[in-house]
There are 2 protein chains.
Amino acid sequence: MRLTNAKSVKQGIRAVAARAGVSTASVSRALNNPDAVSPSLRARIEQAIDALGYIPHAPARILSSRRSRTLGAIVPTIDNTMFARGIASLQQYLSSVGYMLFLTTSGYDLDVELQQARNLISRGVDGLVLRGDCHHEGLRKLLADNAVPFINVGIYQPDRPHPCVGTNNEAAAHRAAAHVIELGHRRIGIVSALQRNNDRASARVAGFRRALTENGLELPPQWHVEVPYTLDDAREAARYLLSLKDRPTAVVCGNDVIAYGVLLEAERDGFSVPRDLSVVGFDDLDWSRHLRPSLTTIHVPTGETWQRAGEYLVRSLAGEQTIMHREIDFSLVVRESTAPPLKS
Amino acid sequence: MRLTNAKSVKQGIRAVAARAGVSTASVSRALNNPDAVSPSLRARIEQAIDALGYIPHAPARILSSRRSRTLGAIVPTIDNTMFARGIASLQQYLSSVGYMLFLTTSGYDLDVELQQARNLISRGVDGLVLRGDCHHEGLRKLLADNAVPFINVGIYQPDRPHPCVGTNNEAAAHRAAAHVIELGHRRIGIVSALQRNNDRASARVAGFRRALTENGLELPPQWHVEVPYTLDDAREAARYLLSLKDRPTAVVCGNDVIAYGVLLEAERDGFSVPRDLSVVGFDDLDWSRHLRPSLTTIHVPTGETWQRAGEYLVRSLAGEQTIMHREIDFSLVVRESTAPPLKS
DNA sequence: ACGCAACTTGAAAACGGTTACAATCTAAAC
DNA sequence: GTTTAGATTGTAACCGTTTTCAAGTTGCGT
């Protein structure tokens with residue numbers, strides 16, 4: 001039933017135009033570029049708009065203008081404080097400049113990420129925010145074919161041809177490991193996040209290892225454990241490390257949640273932190289200051305990082321020239337969980 | 001420059017149709033209702049589709065079909081584990097049934113919520129997921145005027161005319177308070193979340209108070225403190241409560257984060273939990289099991305709640321009849337943070 | 001062979017906006 | 001008093017789909 005009563009247009013921009021006695025073009029202009037229409041007309045139009053409770057139909061607008069003022073973001077999971085914070089900042093920024101955000105999750109699965117990207121492009125997003133630079137083969141092609149601007153967040157890779165914004169995870173991890181080495185530790189274990197499809201986790205491990213190597217320290221295979229992002233898994237890893245007869249005196253962790261697990265388990269197994277074991281985290285979540293002992297960790301300004309990602313895309317879309325590779329500073333926050341090793 | 005070269009259509013469904021030697025109608029059918037086109041045609045079309053890397057243009061589809069297979073959700077903040085979990089579940093469910101989610105945040109501001117709703121409706125969402133039943137006057141009107149289905153999540157109000165799904169916060173809070181009363185406590189304090197524009201927080205306070213009243217217990221004004229959703233604020237509240245010369249022997253908290261703050265601060269001030277102070281939380285976040293002492297709290301199946309909200313809307317949109325008011329069970333999880341009061 | 005129902009397919013009109021272009025109307029410059 | 005540049009407004013084509021309707025096929029009972 002597509003009959004349209006020519007006499008009375010019930011809704012849409014045409015109804016507004018009819019009521020205000022102007023053309024649809026003028027209504028459109030009054031909405032998108034108010035300065036282009038005379039004050040008197042504008043007044044009539046605005047009056048008609050809220051008399052009718054008119055709400056512009058975004059899809060039609062997108063179809064016609066070929067711009068959606070919408071960005072898409074694909075994160076591995078929203079159920080991770082770091083991503084939640086980042087997304088919150090990004091969204092807040094975008095909303096402040098009149099953009100919207102389409103958020104999807106990939107669950108660390110590259111195929112899913114590709115699928116979601118297709119989905120978002122189909123949806124007409126103007127640009128894409130991606131986590132890291134570890135993507136499906138087809139994703140780059142997809143982005144190139146459809147000329148969709150994008151940026152990789154959470155990593156810093158000045159040598160790569162793709163835009164990115166984030167901290168240098170390798171350097172930050174190096175700093176974390178250097179800290180315990182400076183304290184005098186020579187027996188250092190690593191509990192990292194899963195490295196598969198996670199370049200951030202990998203970079204951190206690389207940084208840890210480089211620090212060890214540079215200082216002539218060995219890393220026995222059993223001193224490096226990978227665990228999922230949960231307290232339970234981290235605790236299990238800690239239990240394993242602490243049960244070794246030849247055990248490390250310090251543990252550097254791929255993120256704060258892992259560090260919390262190590263802290264909790266160490267205490268539960270009768271080890272005193274930092275006396276018997278030094279622990280370093282990475283991310284500086286809220287809990288790190290509050291725990292007892294409080295956690296020495298790497299502080300990363302997540303909110304700023306994601307906001308800058310949004311800025312980059314919005315500016316690019318506005319035709320402005322912007323920096324492709326932006327490094328976000330980290331800092332080592334020394335708290336109670338690290339100390340020199342016991343003299344033996 | 002809107003000239004269209006009639007000879008060669010570069011993109012879109014027409015390009016696919018041309019390449020497959022069929023009409024656009026058939027391509028559309030092959031995409032939306034494959035059974036309606038013969039296998040041979042379908043094969044030709046599918047071949048053309050991935051030869052061209054064709055991606056349907058959702059806005060055009062929405063414009064034409066008047067359905068977006070997209071839902072909108074407005075939460076106060078994404079930076080709260082409960083909401084993050086809920087949204088994750090909702091999104092996962094929606095994605096499994098071919099829907100997408102538009103997520104926005106209101107920051108507990110009803111005006112912003114209204115604005116976001118307008119935004120989402122403009123975007124063409126088929127339905128809206130809202131947090132609670134505490135909304136702006138104009139929001140109901142907006143939803144009614146535009147015939148947008150919606151559901152209130154996180155509360156249970158069988159008497160209201162609006163659909164909702166969630167736990168009965170009042171009853172759950174009552175259960176929490178009853179627990180410490182059963183243990184023998186007579187001096188019970190409340191540290192709640194901010195009640196303003198937050199019916200969930202209010203319902204919990206109401207439940208706490210009813211339990212006290214029913215058992216003939218007084219609640220001196222200074223024993224009820226409201227705090228924002230942060231560890232720091234909760235700690236400050238705890239410090240205050242514990243500094244009173246006439247202080248409670250048990251504290252029931254509006255959520256787990258508040259309870260963590262109370263736990264941490266009590267310990268820091270030299271009080272032993274649960275010996276000197278019993279603490280009850282609400283939500284059962286991850287940390288509750290891991291803390292020492294572990295936290296007695298109310299378990300709420302957040303994921304299920306939000307998924308059911310999605311189910312309700314999707315089913316409604318499919319024309320199915322569904323329950324308007326669904327109650328989600330809670331349970332009291334007794335752990336180490338509660339015990340009978342010291343005999344005095 | 002024929003009629004008829006059931007199934008496939010295509011042509012073309014929406015869907016609700018934007019915007020190129022033309023038309024009209026100013027007011028300043030000559 | 002003309003021109004004319006500039007500002008304002010309207011007309012109508014177009015954005016990329018879906019969907020109605022009609023037309024063309026096919027299979028089957030008679």
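Hydrogens, waters and symmetry mates play no part in the numbers below; they use all other heavy atoms, side chains included. So you know, we letter chains A, B, ... as the sequences are listed, proteins then strands, and number each from 1.
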Quiz item: B/Arg61 side-chain donor-acceptor pair to D/dG16 base, under 3.5 Å: no

Distance-only donor-acceptor test, A/Ser65 side-chain atoms vs C/dT18 base atoms, 3.5 Å: no

Comparing B/Ala60 and B/Pro39 on DNA chain C - which has the more 5′ nearest nucleotide: B/Pro39

Mind calculating the distance between [atom1] ([X]) and [atom2] ([N]) to the nearest angstrom?
X: B/Arg29; N: C/dT8; atom1: CZ; atom2: C1'; result: 8 Å
X: B/Ile13; N: C/dA12; atom1: CD1; atom2: P; result: 17 Å
X: B/Asp35; N: C/dT9; atom1: CG; atom2: C1'; result: 16 Å
X: A/His57; N: C/dC15; atom1: NE2; atom2: C1'; result: 8 Å
X: B/Arg42; N: C/dC7; atom1: CZ; atom2: C1'; result: 14 Å
X: B/Leu63; N: D/dT19; atom1: CG; atom2: C1'; result: 13 Å
X: A/Ile45; N: D/dT8; atom1: CD1; atom2: P; result: 13 Å
X: B/Leu41; N: D/dG24; atom1: CG; atom2: P; result: 17 Å

Indicate whether OP1 or OP2 belonging to [N] is found under 4.0 Å from a side-chain N or O atom of [X].
X: B/Ser23; N: C/dT9; result: no
X: B/Ser26; N: C/dG10; result: yes
X: A/Arg66; N: D/dG16; result: yes

Select base, sugar-phosphate, or nothing to describe what [X] touches, counting heavy atoms under 4.0 Å on all strands.
X: B/Pro59; result: nothing
X: B/Ile62; result: nothing
X: B/Ser28; result: base
X: B/Ser38; result: sugar-phosphate
X: B/Val27; result: nothing

[X] has a side chain; which of [options] sits nearest to it?
X: A/Val37; options: D/dT9, C/dT18, D/dT11; result: D/dT9
X: B/Ser64; options: D/dG16, C/dT19, D/dC15; result: D/dG16
X: B/Arg14; options: D/dT9, C/dT9, D/dT17; result: D/dT17
X: A/Tyr54; options: C/dG17, C/dG10, D/dT17; result: C/dG17

Exceeds 12 heavy-atom contacts within 6.0 angstrom, atom [atom1] of [X]:
X: A/Arg160; atom1: CZ; result: yes
X: B/Gln115; atom1: CD; result: yes
X: B/Glu137; atom1: CD; result: no

Test side-chain hydrogen bond (donor to acceptor under 3.5 Å, both in side chains) applied to B/Asn152 and B/His325, B/His135, B/Arg131, B/Gln157, the passing residue: B/His135

4.5 Å side-chain heavy-atom contact, A/Ile49 and A/Leu31: yes

Between B/His136 and B/Glu113: side-chain donor-acceptor atoms closer than 3.5 Å: no

